[in-house]
Chemist: 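Have a look at this one.
Chain A is the first sequence line, chain B the second, and so forth, proteins listed ahead of strands; every chain is numbered from 1. When reading the values below, keep in mind they use all heavy atoms of this one structure, side chains included, and skip hydrogens, waters and symmetry mates.
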Amino acid sequence: MTELAFLSPSACEAGVRLVSPLARVLAKVGPRDSPRDLSHLGKIEVRGELDGVDLSYRVVTFGPGRSLVLCEPDETLQAIEELRDQARFVLDQSAAFAAIEIGGEELLRRLTDLDPAALPAAGAFARVRAIVDRWGDDTFLVLVAQEHGHYVCEYVLDAMEGLGT
Amino acid sequence: MRLAEQPYELLDRDREIAFRFRGERISAFSGDTIGSALYASGRKVLSRSFKYHRPRGILCCRGYCANCMVTVDGIPNVRACEEPAREGAVVEPQNVLGSLDHDLLAVVDKIGGPFTPVGFYYRTMIRPRRLWPLYEKLLRNVAGLGKVPERDPHRRYDVEHRRARVLVVGGGRAGREAAAAHAAKGPGVVLADELPEHAALDVPGVEVIAPARAIGVWEGGLVPVEHGTVLLRFRAGHVVVATGALDQPLVFPGNDLVGVMLPGAVERLVDRYAVKPGERAVIIGSDSAAALAEAALDRAGVEIVHSLHLDDGGRAPRIGADGRGGRVRSITVDGKTFRCDLVVMSGGRQPAYSLLATAGARVEYDAVKGIFVPTEIPAGLSAVGSVTGEVGEQVVPRPSYEAAGGGKRFVCVCEDVTTKDVKRAIAEGFDSIELAKRYTTVTMGPCQGRYCQLQSTRIYAELTGTDEATVGTTTARPPWTPVSLGLVAGRHLEPLKRTSLHHRHEEAGATLIWTGAWKRPYAYGEVEPEVRAVHEGLGVIDVSTLGKIIVQGPEADQLLERLYPNRFGDMKPGRIRYGVLTTDGGRVMDDGTVARLADDLYYVTTTSTGADAVTGWFEWWNAIWGYEADIANVTGALAAVNLAGPRARQALSRLTDADVSSEGISYLDAKEIRVAGVPCLALRIGFVGELGYELHFPSPAGEHVWDALVGLGAAPFGLEPQRILRLEKAHLIVGQDTDSESNLLSAGMPWIAKLDKDDWVGKWATELAGERPFREQLVGFEMLNGTLPAEGAQVVEDGRSVGRVTSARWSAALGKHIGLAWVIPEHAGEGTSIEIRVDGQAAPAVVRAGAFYDPDGERLRS
């Protein structure tokens, strides 16, 4: 069976320049703590229950039997191998999602009506579909379709401007 | 006049500020509103009324009525009585032509009455119709509520989503007690109140938000709350409505004069803003609100020259106020005139039930108290305090009071509706309060019935000989309070999909156009050179927007066999077939390619706009059939480019070690290769009619691959060149050349419909379509006289329509105009002469079968 390597940024050879969908927006505003671009992370879609599976990776469960396993980019291919032994369907969706870390619950509330107390959850974020989870103590991980990444990042920055941050 | 410091004033007397009103500098203290500062400076006329342009000043001092609406920094309809004064603000009155004291449009009040009766706008200015734009402009300038700024509003509006276990609306005593009681049971209690001073409320365990105004209650506990320039969209587990009761005006001649106020307004001016509301006051009423106002006036040193106690029985007093320049100067009660500059009118207190009513509560009339009270409060809501009808003892006033001299008696000051207007509406047959609302606009103004619902019901009851319970109220609908459109609209950011090559296109100077939710290059410059590059050399186009779906599992082949009319089960891994999806009704729904990558793995492409719909379609059917197959939409994960042209193979071979010869990857092969170090799925297909490779690869590597291809001389081409190239091959575009009536047979694709398969979605309907004569068929055509028909142009015969053009372009390669059209079957044969209407003239054309360009596909397969 094909390994579907053409889906995996991690399968690119060294020297291939990988560009995040957020790169152009964030380059305009310069370095800052939030929003932080985590699009480079490996994101592996897994279908099937992962309960009881001992994983060292971060798992975002966004529906019954639907999860995204997050890992460092150089761990992605190894993680896929491991997961294929344990789940029905495993697909490298690293490139499918832009990943943004945003800071503060007030900012989150400006962007989504998802309940911060009930994360992870999937729903509307900046008027497009997203998966949202807690990331740090007061930060959140937002996963949106990569083609919406630029727009969502602009939306986040606009909301931050509204909050004076 | 400003009073000495008051115990509960909101002013910070150490911080003086100033703003401009009609260009004049007005001093204020921090904590003042624009209205209180103007009043303190002696300016009592703040604006002019909606229809009659009568002078208007503070009436309620609660931000409800339209009397003090002004324009602040270009934003219209700002209520001066609640808008905080701020340094440098520019304030202008509204509805004024001339000056506030000498408004030229006040002529409507003086002599316009007979010409502008209630509902005149439904009966006059209708003919001649061509003059309506003029009438419209005239009416808009004479009436209305301010002017919308021509430039972008100065304010920024945001939306914030909030959740609360319990949301209490109203911070009066009952609201505070309810909030505290709920807070004692657990966290998540929020109290929202309109008054800015309530921001300082300290209720243990309760988050207090003020000034904040709930504008309605929707299903699921959704309560949008206006909080400055932020709309707080609350989702509350339970909503407690504690909106209290509202002072009610009395209806008598001159009741709209500047200086005629509600008791609460007097209290707020004195106690909160340390403003003396007048020098000599008359009080009319007999409830607790009137008593409180009297006490406030006493504290402010206002002389109370008369106090009229209303009672239930006996003869109604004759009451009429007179004024000069729109300001009250005296009031006459039963023939006795009292000189005054302030009249406090108190017609009792009416529960502010509207939020409950918008949520579905019933509203019934309490004849003893003379008020409407909410009943049958829906689940998820409760009411506490005076909104429930606990307003204490109060006298039920007469619907209206008359005076010897007559004069306008206003039922609704927001919309300038008088008792005469209501009487006339009833006489004209509008004898229900709901009809009257639409005809007279009573209760439709900015106060949303707060100060006119009860009065209009009473007057209706009196004039129709019924009672208030029978007349009832108008339907309460959100928003309960006027809100800025900007607040409701939120931020104006449009969701936009960008491919990973979007910025390369921008940098190359492409003209980007919307195609569905995407923006794509129309062209990078001149269209013809881009077409020529593909025909003669090497072109590259970004096709990342194509839908891309992985279908995997041991029964993936069975799923696709049943979804598509085509046959896929017999495909060998590494091969591709063109696929068309049909609906249950056999209509063409979407198209694309299906590549078998392994026995149990397929890679499906769809149209750019069809990705989500097709994915949903697959999932929906598979949920019914239950095949062991997983479906994953990988559209965004993959960038895709089509490298096309006679030099495509040569160029690609320089970027890959893979064998890309016609033996290595033959036409309709799918093969995983590396291109410039990037893993790609190469599809040997050709939508544009030349040797081509569609490369699909991880989207983050988009620019890397694009740069490598362009670096080898591939000329970027956009959508318009692609449309020409595909038309030369007579390839249809689903949605442009097909519509909801098109089926596989009439669209010229019978070879796709495998009617010998057991079943597929749309099979029965396709069979049925085959048994009947076609109504029309899709054909190619070329023009014979050098003209270019518009898309949508009619195919005609003897002046009647026998078809329509769906696509037409100039082909430089062919040296002619070509296109696709639906025609009736009699005209569908190869070589049939047809006529197409171009610029009103019938232009000759001929029907052509098959591709116009490279009809045998030799270039494609080379």
Side-chain angles (χ1 to χ4, degrees), chain A residues 1-21 23-24 39-40 43 45 47 88-89 91-98 106-118 126-128 144-152 154-155 158-159 161-163, chain B residues 156-163 229-230 232-233 235 490-491 493-500 502-503 517-518 544-545 550 552-553 573 597-601 603 630 632-639 672-674 676-682 695-705 707:
Chain A
M1 192 184 89
T2 171
E3 297 297 311
L4 293 173
F6 64 90
L7 276 165
S8 295
S10 304
C12 291
E13 292 172 3
V16 171
R17 195 168 56 87
L18 301 176
V19 180
S20 159
R24 298 294 208 294
S39 302
H40 63 282
K43 306 167 207 91
E45 183 182 350
R47 298 187 188 175
R88 187 186 80 236
F89 182 77
L91 196 66
D92 189 350
Q93 293 273 34
S94 301
F97 293 98
E106 190 176 10
L107 176 60
L108 185 77
R109 292 198 304 255
R110 292 279 172 107
L111 297 159
T112 181
D113 65 353
L114 293 174
D115 185 354
R127 298 161 67 181
V128 299
V144 296
Q146 74 84 22
E147 57 269 34
H148 277 137
H150 184 109
Y151 151 78
V152 168
E154 284 181 331
Y155 204 109
D158 178 77
E161 188 182 308
L163 289 170
Chain B
R156 175 198 167 92
Y157 295 96
D158 284 284
V159 175
E160 187 169 317
H161 304 274
R162 298 291 306 271
R163 283 170 191 275
T229 56
V230 179
L232 303 173
R233 293 182 86 248
R235 286 278 178 191
R491 304 297 296 154
L493 291 164
E494 188 75 18
L496 163 63
K497 290 182 177 178
R498 292 173 171 86
T499 74
S500 58
H502 181 93
H503 303 288
W518 299 88
S544 305
T545 58
I550 297 280
Q552 186 175 23
L597 304 184
D599 286 339
D600 63 348
L601 178 63
Y603 182 72
D630 279 288
N633 185 345
V634 292
T635 299
L638 294 164
E672 291 185 57
I673 63 173
R674 279 186 178 273
V678 175
C680 294
L681 176 65
L695 304 174
H696 296 227
F697 49 93
S699 54
E703 292 185 6
H704 177 86
V705 173
D707 291 347

Chemist: Working to the nearest 0.5 angstrom, can you tell me the gap between H148(A) NE2 and L496(B) CG?
Modeler: 7.5 Å
Chemist: Against chain A, label L493(B) side chain, backbone, both or neither, depending on which of its atoms sit under 4.5 Å from a heavy atom there.
Modeler: both
Chemist: Kindly assign one of parallel, tilted or perpendicular to the pair H150(A) and H503(B), based on the angle between their ring planes and the thresholds 30° and 60°.
Modeler: tilted
Chemist: Heavy-atom distances under 4.5 Å only: say whether P9(A) touches chain B with side chain, backbone, both or neither.
Modeler: both
Chemist: So which of E154(A), E13(A), R17(A), R109(A) has the largest heavy-atom pair count under 4.5 angstrom toward chain B?
Modeler: R109(A)
Chemist: Go through the atoms of S20(A) and report whether side chain, backbone, both or neither lie under 4.5 Å from a heavy atom of chain B.
Modeler: neither
Chemist: Run F6(A) and L597(B) through side chain to side chain contact (heavy atoms under 4.5 Å, CB included) and show every step you take.
Modeler: CA-CA 12 Å; F6(A) 64 90; L597(B) 304 184; 3.9 Å; yes
Chemist: Check S699(B) against A95(A) and note the closest heavy-atom contact, atom names and distance.
Modeler: OG-O, 3.3 Å
Chemist: Any idea which of L681(B), V678(B), I550(B), V230(B) has the most non-hydrogen atom pairs under 4.5 angstrom with chain A?
Modeler: L681(B)
Chemist: Is the backbone of C12(A) close enough, under 3.5 Å, to the side chain of R674(B) for a donor and an acceptor to pair up by distance?
Modeler: no
Chemist: Measuring heavy-atom distances to chain B, does A11(A) have an atom under 4.5 Å in its side chain, in its backbone, in both, or in neither?
Modeler: both
Chemist: Can you say whether N633(B) sits under 4.5 Å from chain A via the side chain, the backbone, both, or neither, judging by heavy atoms?
Modeler: backbone
Chemist: Who wins among P573(B), A517(B), A701(B), A676(B) for the most heavy-atom pairs under 4.5 Å with chain A?
Modeler: A701(B)
Chemist: Side chain, backbone, both or neither: which part of V705(B) has a non-hydrogen atom closer than 4.5 Å to chain A?
Modeler: neither
Chemist: Which pair of non-hydrogen atoms, one from E703(B) and one from V19(A), has the smallest distance, and what is that distance?
Modeler: OE1-CG2, 3.8 Å
Chemist: When only pairs under 4.5 Å are counted, which of H704(B), K497(B), R498(B) shares the most heavy-atom pairs with chain A?
Modeler: R498(B)
Chemist: For R491(B), is it the side chain, the backbone, both, or neither that has a heavy atom closer than 4.5 Å to a heavy atom of chain A?
Modeler: both
Chemist: Determine whether V634(B) and E45(A) make a side-chain contact, defined as any pair of heavy atoms from C-beta on separated by less than 4.5 Å.
Modeler: no
Chemist: What is the minimum heavy-atom distance between P698(B) and L7(A), and which atoms define it?
Modeler: CG-C, 4.0 Å
Chemist: Is it the side chain or the backbone of R235(B) that comes within 4.5 Å of chain A heavy atoms, both, or neither?
Modeler: neither
Chemist: Heavy-atom distances under 4.5 Å only: say whether L108(A) touches chain B with side chain, backbone, both or neither.
Modeler: neither
Chemist: Heavy-atom pairs under 4.5 Å with chain A: which of D158(B), D707(B), L232(B), T545(B) has the most?
Modeler: D158(B)
Chemist: Please determine whether side chain to side chain contact (heavy atoms under 4.5 Å, CB included) holds for the pair H502(B) and R24(A), giving the CA-CA distance in whole Å, both sets of side-chain angles, and the decisive distance to 0.1 Å.
Modeler: CA-CA 11 Å; H502(B) 181 93; R24(A) 298 294 208 294; over 6 Å; no
Chemist: Given heavy-atom pairs under 4.5 angstrom as the criterion, report whether the side chain, backbone, both or neither of S94(A) touches chain B.
Modeler: neither
Chemist: List the atom of Q93(A), the atom of A637(B), and the distance in Å for their closest heavy-atom pair.
Modeler: OE1-CB, 4.0 Å
Chemist: Run the side chain to side chain contact (heavy atoms under 4.5 Å, CB included) test on L91(A) and D630(B) for me, step by step, so that the C-alpha distance in whole Å, both residues' side-chain angles and the decisive distance to 0.1 Å come before the verdict.
Modeler: CA-CA 11 Å; L91(A) 196 66; D630(B) 279 288; over 6 Å; no
Chemist: Less than 4.5 Å to any heavy atom of chain A: does that hold for the side chain of A639(B), its backbone, both, or neither?
Modeler: neither
Chemist: For E160(B), is there an ion pair with R110(A) - N to carboxylate O distance below 4.0 angstrom?
Modeler: yes
Chemist: Using every non-hydrogen atom in the two residues, find where E672(B) and A5(A) come nearest and quote the distance to one decimal.
Modeler: OE1-N, 3.7 Å
Chemist: Quick check on the interface: out of V16(A), L18(A), L114(A), who has the most heavy-atom pairs with chain B under 4.5 Å?
Modeler: V16(A)
Chemist: A159(A) versus chain B, heavy atoms under 4.5 Å apart: side chain, backbone, both or neither?
Modeler: backbone
